[in-house]
**Student:** 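Quick one: this structure, given as structure tokens, is what I'll be asking you about.
Excluded from the calculations below are hydrogen atoms, water molecules and symmetry mates; all remaining heavy atoms, backbone and side chain alike, are included.
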Amino acid sequence: MSRYVIDKSKLVENIEFLKNKAGVPLIAVVKGNGYGFGINEFTSVLKENGIKTFAVTEVDDVPILREILDDDNDILVMRSSCIEAEAKIIAENACIATIGSLESAEVMNKVSGDLNVKTKCHLKIDTGMGRYGFMPSQINDALKCYDFENLNFTGAYTHFSSAFHDSELTKAQLTLFKDTMSQIEKAGKNIGTLHASNSPALLNVDGVCLDAVRIGSAFTGRVITRGKNPLNRLGSLEAEVIETKTVPKGYSIGYNGQYTTKRETKIAIVPIGHYDGFGLTKEKEIADFHSVLSQLKKYLQKNQMYVKINGRMYSVIGEIGLSHTALDITGSDVKIGDTASVDISPLMVNPRIPRIYK
């Protein structure tokens, strides 16, 4: 059976490095099934290692987190929503709501009043991402949100659009955010905890940490940075070799017969395929920004794909199937039961595949 394996000790090393690097509290972003690491297991490890605040984008994740977290843990929902049903889930689970428009504030205030609760909120400022949030020119509307009786603003944030590669733009966005919040503070409002940096900002741009930092992909070690970083690149898709066979020269392998053996070939079959997430894309997270062109070139050339068995890489031959892949193991001692592994982004791995922490 296939599974996605994460080295827990290496994850803990990543957490500690990021905590020290930030120097301020981390908000752990566990959206996308915990960045593919499994939201239950991933959140539990983060909590065990001192993380107090968690963030998601989908309200469906809120009840899952509430089962895992303690009462003193906060959940920030990074979604400014004008949908009452979503606002209700946020309010009744005592989450921190994102308010990015006057309309979303009105909806959250109404729902909170109906539930007889006061909902904690973070104001969202759009400094160039172009999605949720008040533009700085809409500061008058933003100020009105602080006057709703059922909303309690405890912070504010923005989201950098280009921290992967543009330090100057990132710093300009930070300045715009700070200037906007300064105006709100001067208007007599409590601005609370301010946060702007995400994983690439923390690792690529100096001086952009405020009161907290939002970290997601960096925990996995799979994040775009300009140079090398000490993070451990985590996660591999694993399964056992379930069959071997030898076929003659000129034998077709896989769907459509697109691959034909050039010699007598020994083949291993591994139960990993498109269903698991293998072969859906050849793109990988880029550890070094300067290798972008190299990675693009490899993608365009449709480079050979490989699977590791016993420390050695073996070529994939034929079309990858829904649940099986054939490998050329000619001349090796690979046998049935040996573990095969693939370096694949956790975000590509089917959420139904078990996440195993070792």
Side-chain angles (χ1 to χ4, degrees), residues 15 17-32 35 46 51-57 74-80 95-101 104-105 120-139 141-143 145-146 153-187 189-219 223-226 229 231 289:
I15 295 169
F17 168 78
L18 292 163
K19 286 163 65 175
N20 292 330
K21 174 76 172 173
V24 294
L26 301 184
I27 298 172
V29 182
V30 294
K31 64 182 180 180
Y35 272 83
L46 292 165
I51 306 297
K52 294 291 187 183
T53 304
F54 297 81
V56 292
T57 54
D74 282 321
I75 300 172
L76 169 65
V77 179
M78 301 185 300
R79 179 190 211 140
S80 178
C95 297
I96 301 171
T98 290
I99 301 299
S101 66
S104 67
K120 289 191 287 186
C121 301
H122 281 196
L123 190 74
K124 179 68 180 291
I125 302 297
D126 178 11
T127 57
M129 190 69 175
R131 299 188 305 199
Y132 302 116
F134 292 94
M135 292 180 291
S137 61
Q138 296 175 304
I139 192 168
D141 280 347
L143 284 168
C145 298
Y146 287 82
F153 282 85
T154 60
Y157 69 106
T158 192
H159 190 59
F160 296 135
S161 62
S162 306
F164 301 101
H165 62 85
D166 194 332
S167 296
E168 293 308 310
L169 177 58
T170 300
K171 290 178 180 179
Q173 285 185 269
L174 179 65
T175 297
L176 185 57
F177 174 63
K178 290 167 72 174
D179 287 349
T180 303
M181 295 316 300
S182 178
Q183 292 181 60
I184 291 175
E185 189 173 35
K186 286 177 182 177
K189 309 304 180 183
N190 176 29
I191 59 176
T193 299
L194 301 183
H195 48 105
S197 285
N198 50 8
S199 293
L202 175 65
L203 296 170
N204 289 323
V205 188
D206 293 330
V208 291
C209 296
L210 298 175
D211 301 320
V213 172
R214 300 186 307 276
I215 297 295
S217 60
F219 287 128
V223 58
I224 298 174
T225 58
R226 286 202 182 86
N229 63 68
L231 294 169
F289 179 72

**Student:** Got a donor-acceptor contact below 3.5 angstrom from the N204 side chain to the I224 backbone?
**Tutor:** yes
**Student:** State, yes or no, whether a side-chain contact exists between F219 and V29 at a heavy-atom distance under 4.5 Å.
**Tutor:** no
**Student:** If you take all heavy atoms of V24 and D211, which pair is closest and at what distance?
**Tutor:** CB-O, 3.7 Å
**Student:** Quick check on K189: does its NZ atom have over 12 non-hydrogen neighbours (other residues, nucleotides or ligands) under 6.0 Å away?
**Tutor:** yes
**Student:** Out of T170, D179, T158, which residue meets the side chain to side chain donor-acceptor pair (under 3.5 Å) rule with T127?
**Tutor:** T158
**Student:** Please list, chain by chain and in numerical order, all residues satisfying side chain to side chain donor-acceptor pair (under 3.5 Å) with Y157, sequence neighbours excluded.
**Tutor:** T98
**Student:** Under the 3.5 angstrom rule, does the side chain of S199 hit a backbone N or O of G216 as a donor-acceptor pair?
**Tutor:** yes
**Student:** Is there a side-chain contact (heavy atoms from CB on, under 4.5 Å) between H195 and L76? Walk through the geometry before answering.
**Tutor:** CA-CA 12 Å; H195 48 105; L76 169 65; 3.8 Å; yes
**Student:** For F17, what residues pass the ring pair (Phe, Tyr, Trp, His ring centres under 6.0 Å) criterion, not counting sequence neighbours?
**Tutor:** none
**Student:** Is there a side-chain contact between K120 and D74, using heavy atoms and a 4.5 Å cut-off?
**Tutor:** yes
**Student:** Distance from S162 atom OG to Q173 atom CD, nearest 0.5 Å?
**Tutor:** 6.0 Å
**Student:** So which atom in C145 and which in I99 form the shortest heavy-atom distance, rounded to 0.1 Å?
**Tutor:** SG-CG2, 4.0 Å
**Student:** For F160 and A163, work out which heavy atoms get closest and say how close.
**Tutor:** CB-CB, 4.2 Å
**Student:** Do other residues, nucleotides or ligands put more than 12 heavy atoms under 6.0 Å from the CG atom of D206?
**Tutor:** no
**Student:** Hey, are the side chains of F134 and I184 touching, using non-hydrogen atoms and a 4.5 Å cut-off?
**Tutor:** no
**Student:** Check the surroundings of atom NZ in K178: do more than 12 heavy atoms from other residues, nucleotides or ligands lie under 6.0 Å from it?
**Tutor:** no
**Student:** To check you understand the geometry: which heavy-atom pair defines the closest contact between C209 and A22, and what is its length?
**Tutor:** SG-O, 4.1 Å
**Student:** Supply the atom-to-atom distance I215 CD1 to N198 CG, rounded to the nearest 0.5 angstrom.
**Tutor:** 7.5 Å
**Student:** Could you give me the CA-CA distance, side-chain angles and deciding distance for L46 and I15, then say whether side-chain contact (heavy atoms from CB on, under 4.5 Å) is met?
**Tutor:** CA-CA 8 Å; L46 292 165; I15 295 169; 3.7 Å; yes
**Student:** Nearest 0.5 Å, please: how far is CZ in R131 from OG in S161?
**Tutor:** 10.0 Å
**Student:** Can you tell me how far CD1 of I96 sits from OG1 of T193, rounded to the nearest 0.5 angstrom?
**Tutor:** 8.0 Å
**Student:** Where is the tightest heavy-atom contact between V223 and S217, given as atom of each residue plus distance?
**Tutor:** CG2-OG, 3.6 Å
**Student:** Does a side-chain heavy-atom distance below 4.5 Å link L210 with L174?
**Tutor:** yes
**Student:** Mind checking what makes side chain to side chain donor-acceptor pair (under 3.5 Å) contact with K171, not counting sequence neighbours?
**Tutor:** none
**Student:** Tell me if a side-chain donor or acceptor on D126 pairs with a main-chain N or O of Y132 at a distance below 3.5 Å.
**Tutor:** no
**Student:** For a side chain to side chain contact (heavy atoms under 4.5 Å, CB included) with M78, tell me which candidate from K124, R214, H159 qualifies.
**Tutor:** R214
**Student:** Taking the side chain as every heavy atom from C-beta outward, state whether L231 and L203 have any pair of such atoms under 4.5 Å apart.
**Tutor:** yes
**Student:** Return the CG to CG distance between L202 and L26, rounded to the nearest 0.5 Å.
**Tutor:** 8.0 Å
**Student:** Is it true that atom CE of M135 has more than 12 heavy atoms of other residues, nucleotides or ligands lying nearer than 6.0 Å?
**Tutor:** no
**Student:** For the CD atom of E185 and the CD1 atom of I191, what is their distance to the nearest 0.5 Å?
**Tutor:** 4.0 Å
**Student:** Q138 and G133: which non-hydrogen atoms are nearest, and at how many Å?
**Tutor:** OE1-O, 4.2 Å
